[in-house]
Amino acid sequence: MPTDEKKKTRSMLEIVEAVGVYPLEAYDFVQQGLQATVQKIHADLTDPDASRHVSGRQLSEGLRDFALQRWGLMASVVLARWNITSTMDFGRIVYAMIDGGFFSKTQEDSVEDFRNVFDFKRAFEQQYQIGSRV
């Protein structure tokens, strides 16, 4: 999804203002989470021209993991503060960034790929495990 040579058509602040739902921090989080997800999924790629595309499902799951790694049990609280309460919110942010020229997509990609990927309450609260055990 990252854009290579596609020109950014709008600034990030213009996107934030146009959408009007999510703060700038939410877009920054998605951008950083995308980078982490791409690195995790495509870690073995050595060809600089190889596709590093991730699907909406992969990105949603990667953003969940990134949020849990960053904030632990507070992840759902932080995301809710930014009006992110479902995987569809991830999709809306991603597609706003695609429209603004920050990310790219394939013909097969759709914002609907983000719909109901997982249940937020279950993913962030019930399935959370502390990373290290003594």
(message) A side-chain contact here means heavy atoms from C-beta on lying under 4.5 Å apart; do F66 and L34 qualify?
(response) no
(request) Can you run down the salt bridge (charged side-chain N to carboxylate O under 4.0 Å, His left out) pairs that involve residues 17-28, sequence neighbours left out, and say none if there aren't any? (result) none
(message) Any side-chain to backbone donor/acceptor pair from D89 onto T85? Under 3.5 Å, distance only.
(response) yes
(request) Flag the pair V16 / Y22 as yes when at least one side-chain heavy-atom distance between them is below 4.5 Å, and no otherwise. (result) no
(request) Kindly give the heavy-atom pair with the smallest separation between A67 and F29, and that separation in Å. (result) CB-CZ, 3.8 Å
(request) Write down the atom of A26, the atom of I84, and the distance for their closest heavy-atom approach. (result) CB-CD1, 3.8 Å
(request) Please check if the side chain of E61 supplies one atom and the backbone of Q58 the other of a donor-acceptor pair under 3.5 Å. (result) no
(message) With heavy-atom distances below 4.5 Å as the criterion, would you say the side chains of F124 and W71 are in contact?
(response) no
(message) Taking the side chain as everything from C-beta on, heavy atoms only, tell me whether M12 gets closer than 4.5 Å to L24.
(response) yes
(request) Quick one: list whatever passes side chain to side chain contact (heavy atoms under 4.5 Å, CB included) with V111, sequence neighbours left out. (result) M88, Y95
(message) For F90, give me all partners under ring-ring contact (aromatic ring centres under 6.0 Å, His included), at least two apart in sequence or on another chain.
(response) F120
(message) In the structure I gave you, are the side-chain heavy atoms of V21 and R92 within less than 4.5 Å of one another anywhere?
(response) no
(request) Work out which heavy atom in V30 is nearest to a heavy atom in I93; give both atom names and the distance. (result) CG2-CG2, 3.7 Å
(message) Going by side chain to side chain contact (heavy atoms under 4.5 Å, CB included), name the residues that satisfy it together with D119, two or more places apart in sequence or in a different chain.
(response) K121, R122
(message) Taking the six-membered ring of F114 as reference, does the cationic atom of R57 (NZ for Lys, CZ for Arg) lie under 6.0 Å from its centre and within 45° of its axis?
(response) no
(message) Is the shortest side-chain heavy-atom distance between R64 and V117 below 4.5 Å?
(response) no
(message) To check you understand the geometry: which heavy-atom pair defines the closest contact between E108 and D113, and what is its length?
(response) O-OD2, 4.0 Å
(message) I'd like to check the side chain to side chain contact (heavy atoms under 4.5 Å, CB included) partners of Q39; sequence neighbours left out, ordered by chain and number.
(response) none
(request) Sorted by first residue and then second, give each salt bridge (charged side-chain N to carboxylate O under 4.0 Å, His left out) pair with at least one member in residues 66-78; sequence neighbours left out. (result) none
(request) Provide the closest heavy-atom pair for L63 versus G33 in the form atom of the first, atom of the second, distance. (result) CD2-CA, 3.6 Å
